[in-house]
Amino acid sequence: MKILHPLINPKSSHYDNGSITTIEKMEQRLSVTEMIGYAKGNVLKYEERKELKGQLDSDIEKIKTYKNYLEVYRFIEFMPNKIVPQTYF
């Protein structure tokens with residue numbers, strides 16, 4: 001699975017491991033179904049703890065990001081041979 005990642009925060013260089021990001025490595029190694037589970041888990045994680053960490057704005061952005069990823073992965077699962085529309089980004 002190869003998708004563009006306009007959702008990756010360029011300021012978050014700690015997620016970048018050289019020329020390929022961690023999420024891109026995961027996409028190479030995991031199935032679309034597994035990536036859907038990954039995105040769902042992150043949405044749940046950030047929704048559950050957003051009020052507890054004192055970083056509400058940041059966590060809300062992360063929730064939006066992972067919900068967007070979830071939509072992208074579901075699109076790919078449903079239509080694996082189609083290009084993901086830019087409206088997802």
Side-chain angles (χ1 to χ4, degrees):
M1 159 180 25
K2 178 66 178 157
I3 64 173
L4 299 174
H5 287 280
L7 302 177
I8 292 174
N9 184 348
K11 296 177 184 174
S12 298
S13 60
H14 61 283
Y15 289 115
D16 191 359
N17 189 2
S19 62
I20 186 168
T21 63
T22 302
I23 198 162
E24 290 169 322
K25 285 183 181 181
M26 290 172 65
E27 288 172 348
Q28 291 174 354
R29 297 176 186 166
L30 302 177
S31 69
V32 173
T33 302
E34 291 170 318
M35 291 304 295
I36 288 171
Y38 165 75
K40 279 182 173 180
N42 276 297
V43 168
L44 179 61
K45 173 179 73 174
Y46 288 110
E47 283 180 344
E48 290 293 316
R49 66 183 198 180
K50 70 180 183 273
E51 309 266 333
L52 305 173
K53 289 177 33 189
Q55 299 174 342
L56 187 59
D57 291 343
S58 174
D59 284 346
I60 288 172
E61 281 304 309
K62 289 175 185 176
I63 291 166
K64 289 177 187 176
T65 295
Y66 284 107
K67 281 184 175 182
N68 200 331
Y69 276 126
L70 186 55
E71 285 185 49
V72 170
Y73 297 136
R74 285 181 173 155
F75 179 89
I76 292 168
E77 181 181 48
F78 184 69
M79 304 184 85
N81 298 319
K82 300 291 182 184
I83 294 173
V84 179
Q86 288 298 311
T87 56
Y88 283 107
F89 308 113

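Quick caveat: nothing in here was measured; it's all calculated off a predicted structure.
Rounding to the nearest 0.5 Å places OH of Y66 at 15.5 Å from CD of E71. To the nearest 0.5 Å, the span separating NZ on K62 from CG on N42 amounts to 9.5 Å. R29 contributes atom CZ, which lies 12.0 Å from atom CD of E24 (distance to the nearest 0.5 angstrom). In this structure, D59 CG and R49 CZ are separated by 6.0 Å, a value rounded to the nearest 0.5 Å.
Scanning for side-chain contact (heavy atoms from CB on, under 4.5 Å) contacts around L56 gives K50, E51, I60, with sequence neighbours left out. Checked against side chain to side chain donor-acceptor pair (under 3.5 Å), K40 has no partners two or more places apart in sequence or in another chain. With sequence neighbours left out, the side-chain contact (heavy atoms from CB on, under 4.5 Å) criterion links E47 to V43, I63, K67. With sequence neighbours excluded, the residues forming a salt bridge (Lys or Arg N to Asp or Glu O under 4.0 Å) with E61 are K64, listed by chain and number.
In this structure the side chain of T65 reaches within 4.5 angstrom of the side chain of Y69, judged on heavy atoms.
The minimum heavy-atom distance linking Y73 with V32 is given by the pair O-CG1, 3.3 Å.
M26 and L44 end up in different hydrophobic clusters when Ile, Leu, Val, Met, Phe, Trp and Tyr side chains are linked at under 4.5 Å.
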### Message
Could you walk me through whether I23 and Y38 satisfy the side-chain contact (heavy atoms from CB on, under 4.5 Å) test, starting with their C-alpha distance in whole Å, then the side-chain angles of each, then the deciding distance to 0.1 Å, before giving a yes or no?
### Response
CA-CA 10 Å; I23 198 162; Y38 165 75; 4.0 Å; yes

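Cluster partners of L52, using a side-chain heavy-atom cutoff of under 4.5 Å among ILVMFWY residues and allowing indirect links: none.
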